[in-house]
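Structure, as structure tokens:
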Number of protein chains: 2
Amino acid sequence: MGKRVVTEAKRQRRRPTRQGQVLSEQLFVDTALRLLAQEDGQGLSVRRLAAALGTDPSTLYRYFRGMDDLTLAIGDELMRRAVAGWRATGRWRSDLRELGLRVHASYLAHPQAAVLTASRVSGRIHEVAADEVILGILRTAGFGDRDAVRIYHAFVDQSLAFAVLDAASLALPRTAREADEAMWQTTYARLPAATHPHIAATSRHLIAHMNTSAYPSALDMLLDSAQAQLADVQGAVGDQ
Amino acid sequence: MGKRVVTEAKRQRRRPTRQGQVLSEQLFVDTALRLLAQEDGQGLSVRRLAAALGTDPSTLYRYFRGMDDLTLAIGDELMRRAVAGWRATGRWRSDLRELGLRVHASYLAHPQAAVLTASRVSGRIHEVAADEVILGILRTAGFGDRDAVRIYHAFVDQSLAFAVLDAASLALPRTAREADEAMWQTTYARLPAATHPHIAATSRHLIAHMNTSAYPSALDMLLDSAQAQLADVQGAVGDQ
DNA sequence: GACGCGATGGCAACGGTGTTGGCGTAAGGC
DNA sequence: GCCTTACGCCAACACCGTTGCCATCGCGTC
């Protein structure tokens with residue numbers, strides 16, 4: 001899975017493309033992310049990626065098994081960027097919070113990529129490294145192995161899940177996004193209190209939350225629960 | 001957004017297709033879900049859907065604006081099925097838990113559909129109805145409007161987000177799913193303790209959690225936190 | 001220094017996708 | 001009985017991921 005088509009040893013000999021680019025796996029990934037980041041770019045495709053590199057679509061298959069393989073590589077690159085430069089402070093709760101927010105932000109910076117990639121467990125190097133860090137934080141904080149794994153699982157999947165969900169709406173074509181927004185205004189703001197009293201009573205708050213992610217909120221609630229569990233087991237205090 | 005192409009009033013006159021089917025919006029949605037549920041079906045496409053109905057691909061556009069519109073209709077149908085037959089018990093915590101699990105399960109029953117649809121805020125009738133119910137549960141339980149909306153937001157988005165994430169891995173083609181599974185076994189089970197001590201120490205628990213969703217766990221943690229907040233505000237007890 | 005061979009880039013094609021315009025026809029309304 | 005209109009169908013378009021095939025370049029070997 002995700003094995004390179006060509007061994008690294010042979011990668012010495014390179015031929016520049018017709019327009020002078022020297023291709024590499026990393027260059028494909030970087031260019032793909034650049035394409036996906038373009039505001040009104042129509043998304044990633046093998047053909048557009050090849051065009052951006054001034055080469056032929058078929059050339060991609062010299063470096064990746066296919067689109068799926070490229071997708072996994074993009075996901076791992078996002079994870080690398082998410083934790084790049086991060087340093088642990090030793091306070092488990094704020095460390096976890098910071099890590100979660102970083103992953104979330106990294107994916108949101110490339111919404112289209114997130115949608116493509118985040119559902120895959122790639123097992124690539126940077127993802128494994130992140131998993132080791134998170135488990136380390138929890139076990140060092142005093143959680144037992146069973147609890148640590150359970151919280152790790154909930155934490156990681158929650159971060160990825162919100163990243164996918166939030167990225168998915170960002171990744172919508174602008175027309176669809178505007179339509180959704182208008183729908184919210186007209187539907188939820190003007191619902192009669194007779195039929196939908198609770199929505200009508202809270203519509204002001206609902207609209208305020210409309211375009212903001214619920215992830216920080218959900219993350220804090222997860223950490224609340226974890227901290228309470230830790231306090232239950234030990235009589236001691238957790239972090240901060 | 002999602003407005004029908006043809007007014008309902010005109011829908012009286014129907015002509016059967018060449019193979020005798022009488023088409024309708026509902027029939028398209030049901031057939032699409034049936035296609036998506038097929039174990040080794042290659043997913044949904046306009047052409048396959050048309051073929052399953054014994055009609056022409058272009059006929060779909062008489063009933064929906066396009067694939068995106070059909071997608072929203074499918075999502076709303078999933079929501080309808082999720083809450084069909086549900087009854088409130090009056091205990092807010094177990095009511096919310098039951099609702100969350102139902103939505104999650106409903107989406108997982110049609111993974112491909114979930115991937116397509118759950119990222120869209122459709123604002124269709126069954127989704128609005130579910131929102132009203134959830135807000136009602138929270139406000140009746142004693143949460144203030146601000147807190148109710150915040151918890152509603154986290155609860156709904158978390159349920160959808162996990163549904164998408166979990167469905168996405170279920171929706172993978174069988175080859176990719178088996179590859180991911182093998183990758184877990186070889187990567188996480190046999191990682192040397194020297195380089196990855198925390199993964200190595202907990203690998204038994206990690207593997208055990210591998211194919212199970214973290215959603216129930218995360219849901220309980222969210223409800224934990226909400227209950228603690230409620231207990232903070234009132235001196236009273238919440239539910240159960 | 002010439003050769004051979006394998007790695008690489010480019011061309012053309014295949015089967016698939018969502019979508020559109022136009023044509024015939026059958027069903028109501030008047 | 002006519003006319004309008006909704007509907008099913010055909011053909012075509014542009015795009016997608018993928019795959020043989022061929023030309024060419026670069027390095028190791030003799």
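Since the model is a prediction, treat every value here as computed from it, not as a measurement. So you know, we letter chains A, B, ... as the sequences are listed, proteins then strands, and number each from 1.
In this structure, CG of B:Asp56 is placed 16 Å from C1' of C:dT25, rounded to the nearest angstrom. Atom C1' of nucleotide D:dC16 and atom CZ of B:Arg47 are separated by 12 Å, given to the nearest angstrom. For A:Arg62 and D:dG20, the CZ to P distance is 12 Å, given to the nearest whole Å. In this structure, the CZ atom of B:Phe28 is 11 Å from the P atom of D:dC7, given to the nearest Å. Taking atom CG of A:Asp69 as the reference point, atom P of D:dT18 lies 10 Å away to the nearest angstrom. Here D:dC22 presents its C1' atom at 19 Å from OH of A:Tyr61, a figure rounded to the nearest Å. Here D:dG17 presents its P atom at 10 Å from CG of A:Leu70, a figure rounded to the nearest Å. Computed from coordinates, the B:Met67 CE to C:dT17 C1' distance equals 10 Å when rounded to whole Å.
Here A:Thr55 does not reach the OP1 or OP2 of C:dG9: none of its side-chain N or O atoms lies under 4.0 Å away. Between A:Arg48 and D:dC15, a side-chain N or O to OP1/OP2 separation shorter than 4.0 Å is absent. Considering only side-chain N and O atoms, B:Tyr63 lies under 4.0 angstrom from the phosphate OP1 or OP2 of D:dG8. Remark: A:Ser45 is in phosphate contact with D:dG17, judged by side-chain N or O atoms under 4.0 Å from OP1 or OP2.
A perpendicular orientation is assigned to the rings of B:Phe28 and B:Phe64, their planes being inclined by more than 60° (bins at 30° and 60°).
Base engagement by A:Ser58 is indicated by at least one non-hydrogen atom pair under 4.0 Å involving a base atom.
Between B:Ser106 and B:Leu78, the shortest heavy-atom distance links the atoms OG-O, 3.0 Å.
A:Thr59 places no side-chain N or O within 3.5 Å of a backbone atom of A:Thr55 that could act as its donor or acceptor partner.
Ion pair B:Asp69/B:Arg62 not flagged as a salt bridge, since none of the NZ, NE, NH1 or NH2 atoms sits closer than 4.0 Å to an Asp/Glu carboxylate oxygen.
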